[in-house]
There are 2 protein chains.
Amino acid sequence: MSSFYKTSINCNFMLETLDCMLEKSHKYVSCASCSARKDSLFSNHCDHELDELDESKSCNYYKKNQPLFIEGSFPRGVFCLNGGKVKVFTRGDEGKEQIIHIAKEGEIIGFRAMLSGEPYKVSASTLEECNICYIGKEDFLNMIETNSVLRNGIMKELSKELGERAVFITNMAQKSVRERLAFALLILNDVYKPEQINLTREDLANFVGTATETLIRLLKDFKEEGVIEIHTRKLEIVDANKLERIAGTR
Amino acid sequence: MSSFYKTSINCNFMLETLDCMLEKSHKYVSCASCSARKDSLFSNHCDHELDELDESKSCNYYKKNQPLFIEGSFPRGVFCLNGGKVKVFTRGDEGKEQIIHIAKEGEIIGFRAMLSGEPYKVSASTLEECNICYIGKEDFLNMIETNSVLRNGIMKELSKELGERAVFITNMAQKSVRERLAFALLILNDVYKPEQINLTREDLANFVGTATETLIRLLKDFKEEGVIEIHTRKLEIVDANKLERIAGTR
DNA sequence: CTAAAAAAATGATGTATGTCATCTTTCTAT
DNA sequence: ATAGAAAGATGACATACATCATTTTTTTAG
C-alpha cells in the first residue's frame with residue numbers, strides 16, 4: 001500500500017512518460033484543454049497561469065481501487081481529478097470504511113490536510129480508472145499565496161463543505177437508514193450523471209453508514225416501490241421526486 | 001427570534017453603552033486586554049491592529065439561551081466569544097437539534113457562512129451568560145484580505161475543522177451511543193475545564209445524537225462504573241482513561 | 001471458456017436504542 | 001417562601017437494524 005503511494009507521488013516526468021507508453025488509458029492533459037477545469041477552482045486561471053500549472057504538475061493514470069493517500073500520512077501535494085471518481089473516507093475503530101465524499105472530475109483533493117499542517121485525517125482511493133494530475137506542495141502553496149482568486153475560491157470551498165458536513169452529521173444522527181439512503185442516492189445521482197450510479201453495494205453501504213445486507217434490502221424496497229431500477233451494479237434513479245420525499249426536506 | 005437578532009447586530013455604540021448601564025454583567029473589553037485572545041485567531045495581532053479591531057467592533061452582553069444567528073439567515077458579521085459557552089447546531093426535519101460544536105472563550109463564530117457566501121447552515125445560541133464582540137462583515141473581510149497571518153490562520157482552522165468533522169461523521173455512523181457519549185464527555189471536558197461540564201441532559205443528548213432518556217440511563221451506568229460523578233447538572237470526569245477506553249481508539 | 005473469487009442476495013435471530021407514559025427533583029420567578 | 005415550570009429520572013414496550021450463516025449471481029483471471 002504505502003509502497004504504491006511513494007511510487008505514485010514521486011513519479012517524475014520520465015516515469016510518467018513510461019507509464020504513458022505502458023497504459024493505454026493514460027494521457028497527458030494540458031490544463032488549457034482540460035474539460036474538467038471549467039467548473040473547478042482553476043476555472044479563472046489565465047493562459048499564463050495555466051502554463052505555469054502545466055509545468056509544475058505531473059499527470060498520472062490510476063487503476064481501479066488505487067490509493068491516492070492514506071490517513072495518518074503527511075501531504076506533499078494535491079491531486080486534481082481529470083477523469084474518474086474517487087472516494088474519500090475514514091476508517092472506524094474496527095477498520096470499517098466511512099465514505100465522507102465521492103469526488104468527480106474537476107475536483108481538487110487533499111488540500112485540506114495541506115493547509116491544516118496536520119497529517120491526513122482521511123484516505124482517498126480511486127473507484128474506477130482515473131486520470132489524476134499532481135501538484136507539489138510548494139507550488140500549490142505558492143499559487144494560493146499569490147493568486148487571490150484561487151485563494152478565495154479555496155476558502156469558499158472549505159466553508160461550503162464545512163456547512164455540508166454539519167448537515168451530513170445531522171442526517172447521520174437523526175434520519176433512518178432508509179431516509180439516508182434516499183438522500184445518498186440523490187447526491188450520487190448528481191455526481192454520476194449523465195451516467196448511472198456505479199458503486200459496489202459495500203461502498204454504497206459505507207457511504208450511507210449501514211450494513212451491506214441492510215442496504216441491499218432497502219435497495220430492493222426502492223426497486224419494488226418504483227423509485228429506482230437496478231441494472232446489476234448500476235443504479236438508475238427513475239423517480240427523483242419520490243426519493244426527495246423519502247429523504248425528507250433537506 | 002429574528003427581532004432579537006436584528007437588535008443585537010445593529011446595536012451601535014449608543015445602544016451598547018445603554019446596555020452596559022442596564023446589565024451588570026456586561027462590560028466593554030478592549031482586545032488588547034482580552035484574556036481570551038491569547039490562543040485565538042487574533043493572537044498575532046500587533047497593537048496597531050488591535051486598536052483598529054477595537055474601533056470596528058461592538059461588545060455585547062448575552063443572557064442564557066439567546067441566539068447569535070439562525071440557520072437560513074444571511075451573515076453580516078462574525079462573533080468573537082470573550083466569555084461564556086455557545087452551542088452551534090442544526091435542526092433535523094422534526095426540529096430536533098443536533099449540536100455540531102460547543103464554542104468557548106476565544107473562538108470566532110460565524111465566519112464559515114460569511115466566507116461561503118451562503119446563508120447560515122447552522123444556528124448558534126448561548127448556553128450561559130456570555131460576553132460577545134461583534135465585527136461587521138466589511139471590516140472582517142478587509143482584515144482577511146490585508147492580513148495574511150490572520151488569513152492563513154483561518155484557512156488552517158477551516159481545514160482542521162473539516163478533518164474533525166470527518167471523524168465526527170464516522171463516529172456517528174459506526175460507534176454505539178455509549179461509545180459516542182464517552183467521546184463527547186472527553187471533548188466537553190476539554191471545553192469546560194477547569195470547570196465541570198455544565199449542560200442540560202437534552203443538550204448533551206443532542207450533542208451525542210441520541211434520545212434524552214437513553215443519555216440519562218447511560219450517564220447512570222458511567223456513574224455506577226465510577227468514571228463520572230454527577231452533581232445535579234454538573235458532570236465531573238473522574239476516570240478519563242477509562243472513558244478513553246470506552247470511546248475507542250480515536 | 002472455465003474455475004475461482006468477489007459481490008450480491010436472502011433468511012433467521014438478537015439487541016441496542018427510540019418512544020411513550022409517569023413520577024420526582026430542581027430551578028425560577030414572584 | 002412558595003407555586004409553577006422545567007429538567008431529570010425510571011419503567012414498559014416496540015422495532016429498526018446489525019450480525020451471522022448460507023446460497024446465488026456476477027466478475028475476474030488464467
Side-chain angles (χ1 to χ4, degrees), chain A residues 63-66 87 92-98 125 127-129 170-182 184 196-224 228-236 246 248, chain B residues 63-66 87 92-98 125 127-129 170-184 196-224 228-235 246 248:
Chain A
K63 284 184 291 197
K64 200 175 176 176
N65 291 321
Q66 282 195 335
K87 65 177 171 184
D93 298 339
E94 275 99 47
K96 186 179 160 80
E97 288 182 9
Q98 174 60 43
S125 300
L127 285 165
E128 50 194 61
E129 297 195 342
T170 307
N171 285 346
M172 279 296 181
Q174 299 189 5
K175 281 187 195 291
S176 67
V177 175
R178 181 180 155 90
E179 290 169 315
R180 297 205 307 265
L181 173 57
Q196 293 179 359
I197 298 170
N198 186 6
L199 278 175
T200 66
R201 300 290 189 265
E202 190 180 359
D203 278 333
L204 188 47
N206 290 342
F207 186 43
V208 173
T210 188
T212 309
E213 297 93 323
T214 304
L215 179 112
I216 288 170
R217 283 181 249 262
L218 286 170
L219 279 183
K220 196 182 166 194
D221 290 349
F222 281 177
K223 183 184 155 193
E224 283 166 1
I228 64 168
E229 260 173 39
I230 301 178
H231 308 111
T232 51
R233 222 184 111 138
K234 293 185 179 171
L235 304 179
E236 185 186 355
I246 294 170
Chain B
K63 282 183 293 195
K64 201 175 174 176
N65 292 320
Q66 282 195 337
K87 65 176 170 184
D93 299 338
E94 275 99 47
K96 185 180 159 80
E97 288 182 10
Q98 174 61 43
S125 301
L127 285 166
E128 50 195 60
E129 298 195 342
T170 307
N171 284 348
M172 279 295 181
Q174 299 189 6
K175 282 187 195 291
S176 67
V177 176
R178 181 180 155 89
E179 291 169 315
R180 296 205 307 264
L181 173 57
F183 192 77
Q196 293 179 2
I197 298 168
N198 186 5
L199 278 174
T200 66
R201 301 289 189 264
E202 190 180 358
D203 278 333
L204 187 48
N206 290 342
F207 185 43
V208 173
T210 188
T212 308
E213 297 93 324
T214 303
L215 179 112
I216 287 170
R217 283 181 249 262
L218 287 170
L219 279 183
K220 196 183 165 193
D221 289 350
F222 281 177
K223 182 184 155 193
E224 284 167 1
I228 64 169
E229 259 174 41
I230 302 179
H231 307 111
T232 50
R233 223 183 109 142
K234 293 184 180 172
L235 304 179
I246 294 169

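Numbered from 1 within each chain, the chains take letters A, B, ... in sequence-line order. Because the structure is a prediction, the values reported are computed rather than measured.
- Around atom CD of A/Q196, more than 12 heavy atoms belonging to other residues, nucleotides or ligands sit under 6.0 Å away.
- Regarding contacts with the backbone of C/dT25, every side-chain N or O of B/T232 stays at 4.0 angstrom or more from both OP1 and OP2.
- Note on A/T200: only backbone sugar-phosphate atoms sit closer than 4.0 angstrom, heavy atoms only; bases stay farther off.
- Here D/dC17 is the nucleotide among D/dC17, C/dT19, D/dT10 with the atom lying nearest to any side-chain atom of A/T214.
- A/R233 comes within contact range of the sugar-phosphate backbone alone, with a heavy-atom separation under 4.0 Å but no base atom that close.
- A/T210 comes within contact range of the sugar-phosphate backbone alone, with a heavy-atom separation under 4.0 Å but no base atom that close.
- We find that CG of B/L215 is positioned 9 Å from P of D/dA9, with the value rounded to whole Å.
- Side-chain contact between B/K87 and B/L199: absent, with no pair of heavy atoms (C-beta onward) separated by less than 4.5 Å.
- The nearest whole Å value for the distance from the CD atom in A/E128 to the C1' atom in D/dT27 is 17 Å.
- Atom CG of residue A/L181 and atom CD1 of residue A/I228 lie 7.5 Å apart, to the nearest 0.5 angstrom.
- Across all strands, B/T212 comes closer than 4.0 Å to no nucleic acid atom at all (heavy-atom distances).
- With hydrogens and angles ignored, a donor-acceptor pair closer than 3.5 Å exists between the side chain of B/R217 and the base of D/dG11.
- Under the 4.5 Å side-chain criterion, counting only non-hydrogen atoms from C-beta, B/D203 is in contact with B/E97.
- Put simply, the side chain of A/E213 and the base of D/dC20 share a donor and an acceptor less than 3.5 Å apart.
- Taking only side-chain nitrogens and oxygens, B/K220 never comes nearer than 4.0 Å to OP1 or OP2 of D/dA9.
- Of the candidates C/dG18, D/dT28, C/dA8, the closest approach to any side-chain atom of A/K64 belongs to D/dT28.
- Protein atom CG of A/L235 is 16 Å distant from nucleotide atom P of C/dA7, rounded to whole Å.
- One interatomic measurement links the two molecules: CD of B/Q98 to P of C/dG18, which rounds to 12 Å at whole-angstrom precision.
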